[in-house]
Amino acid sequence: MVATSDDTAAAADELVYNPYAFSLHDDPFAVYGRLRDEAPAYWNDELRFWALSRYEDVQQAFRDPATYTSTEGIALESRGPNQTLQTLIVLDPPEHTAMRKLVNRIFTPRRVAELEAETRRIVTGYLDRIVEGGDRCDLVADLTGPFPMDVISAVLGMPEADRPELRHHADQILIREDGQMALPAAALEGFFELVRYFSDDLPQRRRGEGHGLATDLAQAQVEGRPLTDDELLGFSILFIIAGHETTTKLVANAVEVLSRHPEQRAILAADPGRIPDAVEEVLRFWSSTQYMHRTATVDHELHGRTIHAGDSVLLLIGAANRDDRIFGPTADRFDIDRRPDRHIAFGYGAHYCLGAGLARMEARVALEELQRRLPGYEVDQDAKVRFHSGNVTGWVSLPITF
Ligand code: HEM
């Protein structure tokens, strides 16, 4: 059959959403807009998943674990019934409720306030070294990459000497190849290295040695019994990955977005008390976590399509946070005056991010100290290097001069 110009135009206009395509990562927002408007229940036949992009649908799915279960994985690439570690984040209520109760109070506002001095000390240490090093640095390598791992390791009670190793393994886990859903060997190796590290660490925690959350959890009871080895490993690995990657990416995203909005940066320079507003708007505008994965438990209709039991469904946080149905005609504009109290960068419902308060504090402290110590810093826009992953957005390298 001869292709007509109409066919060519239709092919060029075809709506394709592949979260692993590197070409998408610089600006997924045009595709997200088309998904919301043209295909609010979008099916990717090649990778076999649905994507929900409208705020109302994403929020509704987050609050309905009976229809959208987490038990078959929260990452598309590792979906399936046999989740390696049956940890908090892949449990549904009521199992989730009991586990969550155990850790619900570890990041209360009071505890987060207590961690602020330690966070500031850590951030200041990195900035001291940056200033001593001259008039330029790579902000990711020298500050935003390492410091959240230091903070979460301090919470868990992991020795300072082990933190670079933990960070290396956690970073490896997110490595993906262009357009490919399959986990590369490096990602699997990173995961198994973390399992090995925490397995070796476990016996001393069981004996009550060491300090921090890892020891506390090894001594804790859930529903009248101690946690199993798998549950303890699951907690440690979850905290290390969730506590490090997303916050690392949030801070670098904030610096990069602000560098492209000098008028907004000037507002913060004039009034550092506005930094929390900027953090909130970065979370909405360029969420570090772009989506979470769920699995449908029953056949159901949505926007005229039938989602079948067992189907994968991506909840596109990044698209929901730009939905003009909620955030109005300026949804695609970065505006720290917006006060976007409805964004869902930290998810919604039972699995709402446990570390949200910690992440907000860490980002605020980093931006405050950066502004105080390097007020005139400039991002080298030509030299920055994007981080490519499935659902996490950020930077591998963000060179600055000051
Ligand atoms: C910018 C930073 C962060 C972002 C964008 C983020 C995002 C999220 C999201 C979207 C979820 C929901 C997952 C789901 O519904 O399946 C979540 C859950 C979670 N986050 Fe965060 N997170 C961040 C920082 C942190 C930090 C610093 C910690 C500290 C340990 C943390 C620990 C957790 C945990 C343990 C869960 C699972 C909660 C549960 O299953 O009940 N996160 N996070």
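We use all heavy atoms of the structure for the numbers below, so side chains are in, but hydrogens, waters and symmetry mates are not. Order of listing sets the numbers, starting from 1, for every ligand and every atom in it. The model shown is predicted, which means the values in this text are computed figures rather than measured ones.
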Identify the closest protein heavy atom to [atom]: which residue and atom is it, and at what distance?
atom: atom 32 (C) of ligand 1; value: Ala242 CB, 3.5 Å
atom: atom 13 (C) of ligand 1; value: Met292 CE, 3.6 Å
atom: atom 42 (N) of ligand 1; value: Cys353 SG, 3.0 Å
atom: atom 6 (C) of ligand 1; value: Phe346 CD2, 3.7 Å
atom: atom 28 (C) of ligand 1; value: Gly355 CA, 3.5 Å
atom: atom 12 (C) of ligand 1; value: His351 O, 3.5 Å

Best match, Gly357, Ala254, Gly347: closest heavy atom to atom 10 (C) of ligand 1: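 Comparing heavy atoms across Gly357, Ala254, Gly347, the nearest one to atom 10 (C) of ligand 1 lies in Gly347.
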
Nearest option to atom 38 (C) of ligand 1, as decided by whichever heavy atom of Glu362, Arg100, Met99 sits closest: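 Heavy atom nearest to atom 38 (C) of ligand 1 belongs to Arg100.
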
Aromatic ring pairing Phe235/Phe239, orientation class (parallel under 30°, perpendicular over 60°, tilted between):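 It falls in the parallel class, under 30°.
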
Closest heavy-atom contact between [X] and [Y]?
X: Tyr197; Y: Pro159; value: OH-CD, 3.9 Å
X: Phe334; Y: Phe285; value: N-CE1, 3.4 Å
X: Leu76; Y: His293; value: N-CB, 3.7 Å
X: Tyr17; Y: Pro19; value: OH-CB, 3.5 Å

Where on [X] is there a heavy atom closer than 4.0 Å to ligand 1, on the side chain, on the backbone, on both, or on neither?
X: Leu91; result: neither
X: Lys249; result: neither
X: Thr246; result: both
X: Val155; result: neither
X: Tyr348; result: neither
X: Ile317; result: side chain
X: Ile89; result: both

Atom CD of Glu46: over 12 foreign heavy atoms under 6.0 Å: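 Atom CD in Glu46 is not crowded, with 12 or fewer foreign heavy atoms closer than 6.0 Å.
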
Glu223 atom CD, neighbour heavy-atom count above 12 within 6.0 Å: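 No, CD of Glu223 has 12 or fewer neighbouring heavy atoms, counting only those of other groups under 6.0 Å.
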
Approximate separation, where rounding is to 0.5 Å, of Ser287 OG and Asn321 CG: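 Nearest 0.5 Å value for the OG-CG distance: 4.0 Å.
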
Heteroatom proximity flag, Thr289 to ligand 1, N/O under 3.5 Å: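 Min N/O separation from ligand 1 is not below 3.5 Å for Thr289.
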
Short N or O distance, Arg294 and ligand 1, threshold 3.5 Å exclusive: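 For ligand 1, there is an N or O atom that lies under 3.5 Å from one belonging to Arg294.
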
Candidate list Val251, Val379, Leu370, test side-chain contact (heavy atoms from CB on, under 4.5 Å), partner Leu139, passing option: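 Among Val251, Val379, Leu370, the one that satisfies the side-chain contact (heavy atoms from CB on, under 4.5 Å) with Leu139 is Leu370.
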
Name of the residue among Ile74, Ile344, Leu52 meeting side-chain contact (heavy atoms from CB on, under 4.5 Å) with Leu315: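 When side-chain contact (heavy atoms from CB on, under 4.5 Å) is applied between Leu315 and each of Ile74, Ile344, Leu52, only Leu52 qualifies.
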
Cation-pi, Phe107 ring and Arg111 (6.0 angstrom, 45 degrees):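 Here Arg111 fails the 6.0 Å and 45° test against Phe107.
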
